[in-house]
2 protein chains.
Amino acid sequence: MATIKDVAQLAGVSFATVSYVLNDSMPVSEATRNKVLAAVTKLGYQPHRQGRNLQRQRTLTIGVLLPQANLLCEVDLATWLLEATNAATSAGYSLLLQPADSQARGDLADGWISFGTPLDPQLPQVWALAPPFDQPAVLCDAAFAAQRAVETLTHSGMRRIGLITLPRSIPGSARWYLGYRRALRRAGLGFDPGLVVEPAANRFHDGVAAYETLAASENDYDGLIVCGHQLATGVVMVDHAKVPVIVSHSSSQRGISGFRWPTELWAHTLVRKLLQQLDGAAIAHRTWLNPSLVIGSLGFKEDLDGFNYV
Amino acid sequence: MATIKDVAQLAGVSFATVSYVLNDSMPVSEATRNKVLAAVTKLGYQPHRQGRNLQRQRTLTIGVLLPQANLLCEVDLATWLLEATNAATSAGYSLLLQPADSQARGDLADGWISFGTPLDPQLPQVWALAPPFDQPAVLCDAAFAAQRAVETLTHSGMRRIGLITLPRSIPGSARWYLGYRRALRRAGLGFDPGLVVEPAANRFHDGVAAYETLAASENDYDGLIVCGHQLATGVVMVDHAKVPVIVSHSSSQRGISGFRWPTELWAHTLVRKLLQQLDGAAIAHRTWLNPSLVIGSLGFKEDLDGFNYV
DNA sequence: CTCATCTATTTAAACGTTTAAATGAAGTAT
DNA sequence: ATACTTCATTTAAACGTTTAAATAGATGAG
């Protein structure tokens, strides 16, 4: 691998000059600049990160804290990571994965991000890994989704809207509930606790059970909202299609409305904001991103292409 | 952050001695060793990676090449990454994410890994990102899964086993087919092309369509194998439970047999092998890991805990 | 023609480590 | 006692950069 000295030698200048050209941190005559650039391209020189970092005290790396249990309910972590990687790479950075429960040196990366819903004050401390770092919070708003779902149903004349929530042990579950309550209030509808079912866990059969509980109760409902991918799958499989159903994720169920979560936008925004922050810019403490409702779609990716993120 | 010089000063020795203690690369008297270690713990010193790497030419980093499209069909990429991170961290390494189509300096990491099925020679070049590096190949064997599924059915007396494959555009699909054919041959059963359906794509409704195609044909089958999570979900939803069904992933369907893929083992093995290779050990070029069949399980994680990886 | 000013370039120190080579202090053989 | 080992420790160079400070060369004013 070519070093800066190789370039300097080939160009017939000192290696400091090469550095000045590459970072244009000092004025350099046009002639030498050209010589240097020629040498750089000829040798295919790329600066050595470790060396540069040592002096600059910048690692050109963004750390990602990975919790052992995936606390993300709304988006696919793999896609999130891929998009974050893309965003970082196009800014010349790399992503470094680190278990959230490990204690690595903080200066292993220039900045750290994690994801997930910050704690709702009402909830017990589940997100035990409360970021000790000052990461720019970019969040996808489940409350918005819930609200939008309720609005959609009420606009179609529904008045008694059931909710199968996420179990409260899951961070972010409260936001679903919050949005639901808020939307009801705004629509001037009363809140009936009998219409809300909280499953034991976020699994397929819990969704089935929750649905059956709701159906067996004397509470009649004319619309239903289901939170959580697993739960929704269960519900949809036993659903009798009596009332409109809106699930948290438009995935692979026919004719069911669901949300598309702006994973790419989320990851890109978070990375971009962090980089801005590293450059010393004061950034908004929180940015909310909203999912978009895909009405009665078949739910396949192709069907959603036309939709814009909010 | 404390540097090695701080430690040396506190311990009253030269910083070379500190280095020798920490790496025990030179004999050090018990007395000084203790002084140094005391200073280390007192200051909470951790060696600075960048500095160390510069000299050692080791980054203590493992690069992960991330393809833009997730080519993994059998395991969850997020879990894979998490486990790889854990494995790397416990060996003192970190994981660095890099888009497979980017051209970063190779020495950004000590070694590179990627995942996915290597090309079956029969297949067109879909895994366009053929690893240019000499990564230790650790692979989960879909052929084994297919074979095992057929064996399980034949042992129960089935003779005409249907197969809903993955579309051939998906890398690894060929291995399913391969295992199916091999097992039939070994069981002394003939191959009936009419029993094999290749869906157009790997989506929910393609599974439904494939199932209906098979059911509508005059080919009667007494057992069915379905490859792919999405496809299987579709099939299971419309299945009439006439014959035993084995799907590629035991996920969230009641009473259906499926496979558990050794994601953690895979990631750990791959990382470990890479590290061994970095240490100069000659390692097996390929290691196959086998998924384990979970018979008629409810498919929830709890049900699988008793199972051992093969 | 000399001195000061400005600009382009080089020299050298620094970043935090590792490690080869040099040093020093013992101990053992002559 | 002197020289040769052996062992523990220190000195200093090296890794690939950036950057402050020094230098050289040209330009302009007096």
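Note that the structure is predicted; figures quoted are calculated from it, not measured. Numbered from 1 within each chain, the chains take letters A, B, ... in sequence-line order. Below, each value reflects all heavy atoms present in this structure, side chains not excepted, and no hydrogens, waters or symmetry copies.
- Both B:L54 and B:M26 lie close to DNA chain C; mapped to their nearest nucleotides by heavy-atom distance, the more 5′-ward contact belongs to B:L54.
- In the set C:dT19, D:dT10, C:dA8, C:dT19 carries the atom at the smallest distance from any side-chain atom of B:R56.
- Taking only side-chain nitrogens and oxygens, A:T32 comes nearer than 4.0 Å to OP1 or OP2 of C:dT9.
- Atom P of nucleotide C:dT18 and atom CD of B:Q50 are separated by 13 Å, given to the nearest angstrom.
- Summarising the geometry, the separation between CD on A:Q46 and P on D:dG16 is reported as 15 Å, rounded to the nearest angstrom.
- The phosphate of D:dT17 has neither OP1 nor OP2 within less than 4.0 Å of any side-chain N or O from A:S19.
- B:H249 and B:W261 have tilted rings, their planes meeting at an angle from 30° to 60° on a 0 to 90° scale.
- Remark: P of C:dA12 and NZ of A:K5 are 13 Å apart, rounded to the nearest angstrom.
- The residue among A:G51 and A:T17 whose nearest nucleotide of DNA chain D lies closer to the 5′ end is A:G51.
- Between B:L108 and B:L96, the closest side-chain pair of non-hydrogen atoms falls below 4.5 Å.
- In this structure, A:Y45 and A:L22 have side chains that are in contact, with non-hydrogen atoms separated by less than 4.5 Å.
- Side-chain nitrogen and oxygen atoms of A:N23 include at least one within less than 4.0 Å of the OP1 or OP2 phosphate oxygen of D:dT18.
- At a threshold of 4.0 angstrom between heavy atoms, the contacts of A:E30 with the nucleic acid are absent.
- Taking atom CD of residue B:Q9 and atom P of nucleotide D:dT10, one finds them 13 Å apart after rounding to whole Å.
- The shortest side-chain heavy-atom distance between A:Q68 and B:N86 falls under the 4.5 Å cut-off.
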Intermediate values then yes/no, side chain to side chain contact (heavy atoms under 4.5 Å, CB included), A:R52 and A:L60: CA-CA 10 Å; A:R52 156 182 282 173; A:L60 292 186; 4.0 Å; yes
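- Put simply, CG on A:D24 is 14 Å from C1' on D:dT18, counting in whole angstrom units.
- For C:dT18, the base has a donor-acceptor partner in the side chain of B:Q55 [N/O atoms by modelled type, under 3.5 angstrom].
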Side chain to side chain donor-acceptor pair (under 3.5 Å) assessment of B:R49 paired with A:T59: CA-CA 10 Å; B:R49 277 233 191 133; A:T59 60; over 6 Å; no
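- Of the candidates C:dA8, C:dT18, D:dT19, the closest approach to any side-chain atom of A:Y20 belongs to D:dT19.
- Distance from the side chain of A:H48 is smallest to D:dT17 among D:dT17, C:dA20, C:dC15.
- Nucleotide D:dT17 holds its C1' atom 9 Å from the CG atom of A:N53, rounded to whole Å.
- A:L43 has its CG atom 14 Å from the P atom of D:dG16, to the nearest Å.
- Taking every side-chain heavy atom of A:S29 into account, C:dA8 is the closest of D:dT11, C:dA8, D:dT19.
- Counting only heavy atoms from C-beta on, A:A16 has its side chain closest to C:dA12 among D:dA12, C:dA12, D:dT17.
- In this structure, A:F15 places its CZ atom 10 Å from C1' of C:dA13, rounding to the nearest Å.
- Distance from the side chain of B:T3 is smallest to C:dG16 among D:dA8, C:dG16, D:dT11.
- In terms of phosphate contacts, A:R52 brings a side-chain nitrogen or oxygen within less than 4.0 Å of OP1 or OP2 of D:dT18.
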